Amino acid sequence: MINKIRESAEEAVADVKDGSIVLIGGFGMTGEPQELCDALARRKVRDLTIVTNNAGSGEAGIGRMLAEGCVAKLVCSYPRVPGSTVFEELYEAGKIDLEIVPQGTIAERVRAGAAGVPAFYTRTAWGTPLAEGKEVREFDGKEYLMERAIRGDVALVKGLKGDRWGNLVYTKSMRNFNPVMAMGAEMTIAQVKTVVELGELDPEVIVTPSIFVDRVVEVEPMNA
Amino acid sequence: MINKIRESAEEAVADVKDGSIVLIGGFGMTGEPQELCDALARRKVRDLTIVTNNAGSGEAGIGRMLAEGCVAKLVCSYPRVPGSTVFEELYEAGKIDLEIVPQGTIAERVRAGAAGVPAFYTRTAWGTPLAEGKEVREFDGKEYLMERAIRGDVALVKGLKGDRWGNLVYTKSMRNFNPVMAMGAEMTIAQVKTVVELGELDPEVIVTPSIFVDRVVEVEPMNA
Amino acid sequence: MTQPLNRLQMAWRCAHDIPEGSVVNLGVGIPLAVLDQTPDDREIIFHSENGILGMKALDPGDPEDPELVNAGKRPVKMNPGGAFFHHADSFLMVRGGHLDYTVLGAYEVAENGDLANWRLPNSKTAPAVGGAMDLAYGAKQVYVICDHNSKDGSPKIVKKTELPLTGRECVSRVFTDIAVIDRTPDGMVVREMIDGMTFDELQDRTGATLRLANDWKPLEAPDLDS
Amino acid sequence: MTQPLNRLQMAWRCAHDIPEGSVVNLGVGIPLAVLDQTPDDREIIFHSENGILGMKALDPGDPEDPELVNAGKRPVKMNPGGAFFHHADSFLMVRGGHLDYTVLGAYEVAENGDLANWRLPNSKTAPAVGGAMDLAYGAKQVYVICDHNSKDGSPKIVKKTELPLTGRECVSRVFTDIAVIDRTPDGMVVREMIDGMTFDELQDRTGATLRLANDWKPLEAPDLDS
């Protein structure tokens, strides 16, 4: 029997290695897999590169991973959000690398990695400082930048419901980056509010099909 | 008030021009927007390039467009299906151009066109006859082909339900290429089994959001 | 001379120019106020880059749902006909040219339409771009709402930008507190300016070379508390 | 000598090698028969490129639904846990390396793993590739089911392919009517051959150079009507 259910966030992240590339879903607090991030932070994993849209808020989740010194590099579009004081301190002290990527380019680079596309061209950021060092190529009279795929070792995502095969559904705007990150890593770990019986999720409405998910853990969220 | 509902298939396709690139959803008969194709065929539109997975079956839908001489070029992965006699005759008589594209490359090229990506790299078809004339480039020690985006002038798709904003849902494996083609054209025309009131489709389960769809027509399908 | 428009009035004036049926993305900051200023009888589909089409401003007393927020991470609600989707699909919409309008803030707009809105010079804080660069090239029309001048009086509409760019030649119209200005192939054209202001006064407060439209009108907005 | 396996037996033998929990795509033709030959107590997630995970073979008497078909356009049904998605997502799964196995048919398999399965030489009919090229490079393991020899006796497992390629160096295991053969870094290794056949006889019927595994076993399958 296929059973991807894990008993705890600790168990689910127990073998994440130092130096991993970790994709993390969420947009600000909404959809951030906070309990999985906390479990990683408690393990004091080191030298992670994390790919996520923001830099965490407050002292839980991504913010806690930063505070615990787990993160060597942050790839994101917008590290400045209210409450992201930890990141700013590390950044000003030169203790963390930052790669700023336009929000849609993060999503597209991760999707490309998920789709076996090593590189693609996009207009976004052409002619701006974020184009520095990137190949420029003309198609049909317009110039585009070449962007490389991002592939994660691990993805941490948050869903509303999940089943033992790994199917996930979300709710409202907590969906955001979660299904994208879920496709983008060798090992995808999902925290959900509720584990449901196999077959309970309608095949028409599953957003992240089982194939992308390796582990599912039901957590009691702090801010449920 | 936004109202994308059209009264008939004829009205919905009335202004499709000769020479257009027309993306057509469906996989074999399943999900093929037959009544829209028939309406185009009756108009005897000429010199179309159609992008679709198969070459139609029988004498309705895509098969009828071929029989009526609407199609100058077919871009597809698999023109040989039972009942696709019309295509074979045109092909053997040299009366139609054929571009064979791997099935996933069709989907990815159309999605790229929808996403503002003019070109991307893929491993599929590398080292095969379908790689001829395509740029080869190495990333991380492996060679890939460059594929160009496909962008349609018109897309014809089939849904189960649609609303006046243009939101669509499908059922089971009729979904197939339909949501992909729906994203990929300047003008997307959807035939649905049922037009529903705005708000009746749950925002969590809409597969093709309104932004991609320009016209919706309720048809009484022949094989309902 | 009429008072310059406040922020809500600028948002109101911008909302006024967005026709029914448009799909519109609103940048963080003043542009998000367009959501509240859209006439109730006008059907507009608002896109939020975090995966929403059809969002709507909360009415006073509406419950706030932390799982239903806009790009500024503030709670919103949904119109009938709305839909949720993930970030890759959301930015496919943005980057594939599917949005009719985006409304963005600006530090500088150049007379060729160059936009700078993400990074101030000599900033010690970490850079942050969000979805601005995606939107600048993605939407069919890029509208900008910004004060006409910075607090130190320097113009935001300039001959040539000096700040790091968000996108080149992308801005189509600018709504400021004192004017509405189109970027056209022939340069910057003033469509509206507040009553009592002369063209010369407006030009003095502007870095770019302006031209006054023959059919220019006074810039007006209802009273709105900002 | 034992009878060569029929098509259902080849599919059964292949199904036997796919472990529980795998995600598997089946090519059109004999490979699709693997769907029917999978042990009931083994949970395998079957992918169909037309947008299905979790499909299942119809049981006798099950209704046929024209809107629920596999890649061969034949009706199927769903297992609990299945999901529908569109073609771009479906081929993201294929091309992004998310499938554990694909099972394909073959005209030729070369000893370096090159696969030709889409185009016969001098064919007057239109070419047709479907999803074979996507699958050949996409799945982690590419299994092939084919007769060991063509009707004219020529081998399908060859030194070097002569037909148009589907993919290079992609095949990992071949199930024929008389043998199971692995493609390894050291060449083609025979894991099983039917009882009573000698290695020399098998080699005579094969274009590629074979090596017999030390722990080779007889190739066996239950009676199945083809």
Side-chain angles (χ1 to χ4, degrees), chain A residues 1-5 23 107-120 149-153 155 159 161-170 175 179-188 195-216, chain D residues 18-25 38-56 65 67-69 76-102 131 133-140 142 167 170:
Chain A
M1 195 180 86
I2 301 169
N3 188 11
K4 299 180 182 172
I5 307 299
L23 316 181
E108 193 68 15
R109 287 176 67 189
V110 173
R111 185 203 172 269
V117 168
F120 62 91
I150 294 174
R151 183 85 188 142
D153 298 306
K161 296 177 188 176
D163 63 30
R164 67 176 173 83
W165 275 20
N167 292 298
L168 302 177
V169 297
Y170 306 86
R175 190 183 303 196
V180 183
M181 299 314 192
M183 301 188 292
E186 296 306 316
M187 158 81 70
T188 291
V195 167
V196 300
E197 286 300 309
L198 195 71
E200 224 175 277
L201 300 176
D202 180 352
E204 300 285 356
V205 311
I206 288 169
V207 174
T208 295
S210 55
I211 191 171
F212 298 121
V213 178
D214 300 282
R215 297 173 186 176
V216 176
Chain D
I18 296 173
E20 180 155 86
S22 303
V23 183
V24 182
N25 179 291
T38 302
D40 279 342
D41 61 349
R42 198 179 291 186
E43 261 196 339
I44 289 175
I45 301 178
F46 285 103
H47 172 268
S48 190
E49 51 262 53
N50 55 322
I52 308 176
L53 272 175
M55 68 174 175
K56 189 179 179 182
D65 182 342
E67 282 166 346
L68 183 48
V69 300
V76 290
K77 61 182 182 181
M78 294 292 279
N79 274 314
F84 300 111
F85 34 86
H86 64 54
H87 248 86
D89 283 346
S90 183
F91 277 90
L92 176 151
M93 295 175 191
V94 172
R95 295 149 66 110
H98 304 275
L99 300 177
D100 296 306
Y101 295 87
T102 188
M133 288 185 182
D134 308 273
L135 288 160
Y137 291 143
K140 294 188 186 94
V142 176
C170 55

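Here is the naming used below: chain letters follow the sequence lines, and residue numbers restart at 1 for every chain. Source: prediction; values computed, not measured.
Nearest approach of D:A83 to A:I206, heavy atoms of both residues: CB-CD1, 3.9 Å. Scanning both residues, D:M78 and A:P203, for their nearest heavy atoms gives CE-CB, 4.2 Å.
Between chain D and the residues A:G199, A:G166, A:A115, the largest count of heavy-atom pairs under 4.5 Å involves A:A115. Interface check for chain D: of the options A:G116, A:A149, A:G113, the most heavy-atom pairs under 4.5 Å are formed by A:G116.
Proximity to chain D involves both the backbone and the side chain of A:R111, based on heavy atoms less than 4.5 angstrom apart. At a 4.5 Å heavy-atom cutoff, D:D100 makes no contact with chain A through either its backbone or its side chain.
Taking 4.5 Å as the limit, some side-chain heavy atom of D:M93 sits within range of a side-chain heavy atom of A:P209.
A donor-acceptor pair is defined here as one N or O able to donate and one able to accept, closer than 3.5 Å; such a pair exists between the side chain of D:E20 and the backbone of A:M1. Formation of a donor-acceptor pair under 3.5 Å by the D:H47 side chain with backbone atoms of A:I211 is not found in this model. A donor-acceptor pair under 3.5 Å is formed between the side chain of D:E43 and the backbone N or O of A:I2.
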Next item on the list: Check step by step if side-chain contact (heavy atoms from CB on, under 4.5 Å) holds for A:V207 and D:F85.
Entry: CA-CA 8 Å; A:V207 174; D:F85 34 86; over 6 Å; no
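For the atom pair CD1 of D:I45 and CG of A:N167, the computed distance is 7.5 Å after rounding to the nearest 0.5 Å. One distance of note links CG of D:L92 with CZ of A:F212; it measures 5.0 Å at 0.5 Å rounding.
Atom NZ of A:K161 has 12 or fewer neighbouring heavy atoms from other residues, nucleotides or ligands inside a 6.0 Å radius.
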